[in-house]
Amino acid sequence: MTKIPTTVLTGFLGAGKTTLLNHILSARDGQQIGVIVNEFGDVGIDGQLVIGTEEDIIELNNGCICCTVRGDLTRAVGALLERKRDLDHIVIETTGLADPAPVVQSFMLDETLRLRTELDAIVTVVDARHVRMQLGNEQAREQIAFADVILVNKIDLATTEEVEALEDVVRSLNPLARIHRSRDCGIDLRNVLGVRAFDLRNVLRLDPQLLTDSTHDHDSDISSVSICEVGPVDAARFNRWINELVQSNGKDLLRTKGIVDIAGEVRRLVFHGVHMTLDGRPGKPWGPTEPRTSQLVFIGRNLDAQALRAGFANCRADVEASDVAAPGAIATNAVATNAVATAA
């Protein structure tokens with residue numbers, strides 16, 4: 001039985017994993033690629049932002065594949081192989097809070113994954129602008145340490161000196177990985193697919209207990225809040241609310257993303273942010289019979305779920321409001337002068 005090469009995309013929240021995935025799917029030159037997208041929250045947004053291969057995408061939204069749903073990963077891979085028997089490659093985009101070690105462990109210990117797939121590389125995307133702040137999180141450090149290929153992304157948002165200093169930090173955490181620089185994850189696919197860079201011996205040096213079954217916990221103070229609401233949203237109220245939110249809570253907002261039904265617009269608004277950087281732009285048009293459901297996910301520390309839901313509810317177009325701010329794009333926030341990748 002021919003084993004399907006499999007690439008695992010990791011990287012902390014907002015680094016650019018979905019942007020890289022979209023680049024892979026756009027530049028694949030006829031390769032048949034199956035995609036598994038995993039999200040930390042219970043609302044799946046990233047799968048809607050992946051382009052062009054809806055029939056080959058499987059979403060795992062009910063947990064992190066490095067924790068409680070490793071069985072779901074096995075079933076997802078099996079479903080992909082049944083659906084597309086001529087797959088050339090599988091790409092798994094993990095949640096930004098995934099610890100790579102248990103994911104690798106699954107490929108080594110699970111009989112189905114071991115017999116039907118072969119790890120090609122762990123590719124970690126690093127946010128050149130925010131990574132120094134993020135390295136306080138154990139997951140961010142481990143994602144770099146376990147990588148076979150590291151993509152230092154968003155180099156347009158940092159100076160050359162900052163990028164060089166960052167690469168020194170990355171190299172201190174992982175002296176073996178191949179490092180590339182990118183803007184919007186633009187990279188020759190020969191540097192990320194089919195590289196045959198995974199080496200179990202290197203991983204076992206980092207984690208000698210990798211092949212013993214164990215559990216994994218995320219930082220206990222990190223949680224997610226998901227919002228799903230049907231009904232048009234007033235653009236001005238939403239713009240004011242989301243900008244005030246990132247200004248006041250940006251340090252604790254590790255990741256913010258959503259799809260919003262703006263009143264009077266034929267296209268959905270897609271927005272996303274990392275800490276105090278926020279960007280929004282029109283997405284694909286709503287389908288004629290598609291439910292126009294706004295979906296938002298916040299991942300961070302000290303999140304007040306009740307306040308977040310109440311704040312978004314006040315943005316509804318059918319809710320009375322006074323002193324509404326003037327309309328404007330999300331990215332006009334003075335704090336967010338540099339846009340981040342469209343689907344990080």
Side-chain angles (χ1 to χ4, degrees), residues 11-15 17-18 21 36-50 57-69 72-73 76 93-98 137 139 217-234 237-239 241-246 248-262 268-281 283-284 286 290-317 319 330 340 342-344:
F12 205 67
L13 299 160
K17 295 183 297 298
T18 305
L21 178 56
I36 297 173
V37 176
N38 180 221
E39 297 193 56
F40 184 68
D42 56 5
V43 172
I45 291 175
D46 284 354
Q48 300 181 54
L49 302 177
V50 178
I57 297 174
I58 292 181
E59 295 183 77
L60 300 177
N61 304 324
N62 58 332
C64 175
I65 59 174
C66 71
C67 303
T68 58
V69 293
D72 286 355
L73 174 60
E93 179 192 344
T94 68
T95 168
L97 292 173
N137 293 86
Q139 286 87 5
D217 296 313
H218 292 293
D219 292 346
S220 60
D221 60 341
I222 295 177
S223 62
S224 69
V225 175
S226 303
I227 300 173
C228 287
E229 295 287 345
V230 176
V233 173
D234 183 270
R237 292 183 219 168
F238 178 74
N239 185 65
W241 172 68
I242 197 70
N243 278 285
E244 289 178 349
L245 180 65
V246 298
S248 60
N249 298 283
K251 185 177 180 180
D252 288 331
L253 283 173
L254 302 177
R255 189 74 170 100
T256 308
K257 55 186 174 180
I259 294 169
V260 182
D261 173 20
I262 298 296
R268 66 200 75 202
L269 172 69
V270 176
F271 78 93
H272 53 91
V274 180
H275 293 297
M276 299 179 76
T277 300
L278 191 64
D279 181 38
R281 61 192 68 187
K284 63 183 180 182
W286 295 100
E290 178 183 9
R292 295 177 61 131
T293 304
S294 295
Q295 302 177 59
L296 297 82
V297 175
F298 302 90
I299 302 174
R301 298 183 179 87
N302 309 311
L303 298 181
D304 186 332
Q306 184 176 358
L308 288 170
R309 294 191 173 98
F312 182 69
N314 287 333
C315 298
R316 289 277 299 272
V319 172
I330 290 176
V340 296
T342 304

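With rounding to the nearest 0.5 angstrom, the CG atom of D252 is 5.0 Å from the CG atom of N302. With rounding to the nearest 0.5 angstrom, the CG atom of N314 is 13.0 Å from the CZ atom of F238. With rounding to the nearest 0.5 Å, the separation of CG in L296 from CD1 in I259 is 9.0 Å. Remark: T94 OG1 to Q139 CD distance equals 11.0 Å, nearest 0.5 Å. For the atom pair OG1 of T256 and CG of L245, the computed distance is 6.5 Å after rounding to the nearest 0.5 Å.
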- Task: Kindly determine whether N249 and D304 satisfy side chain to side chain contact (heavy atoms under 4.5 Å, CB included), including the steps that lead there.
- Result: CA-CA 11 Å; N249 298 283; D304 186 332; over 6 Å; no
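Of all non-hydrogen atoms in T293 and W286, the two that sit nearest each other are O-CH2, 3.6 Å. Closest heavy-atom contact between T95 and K17: C-CE, 4.3 Å. Across every non-hydrogen atom of V270 and G283, the tightest pair is CG2-CA, 3.8 Å. Closest approach of F298 and L253 over heavy atoms only: CD2-CD2, 4.2 Å. Here the closest heavy-atom approach between residue L308 and residue W241 is recorded as O-CZ2, 3.5 Å. Annotation for C315 and R237: closest pair SG-O, 3.7 Å, computed over non-hydrogen atoms.
Checked against salt bridge (charged side-chain N to carboxylate O under 4.0 Å, His left out), R309 has no partners two or more places apart in sequence or in another chain. Applying the side chain to side chain donor-acceptor pair (under 3.5 Å) rule to D261 yields the partners R292; only residues at least two apart in sequence or on another chain are considered.
R268 contributes a side-chain N or O that, together with a main-chain N or O of K284, makes up a donor-acceptor pair within less than 3.5 Å.
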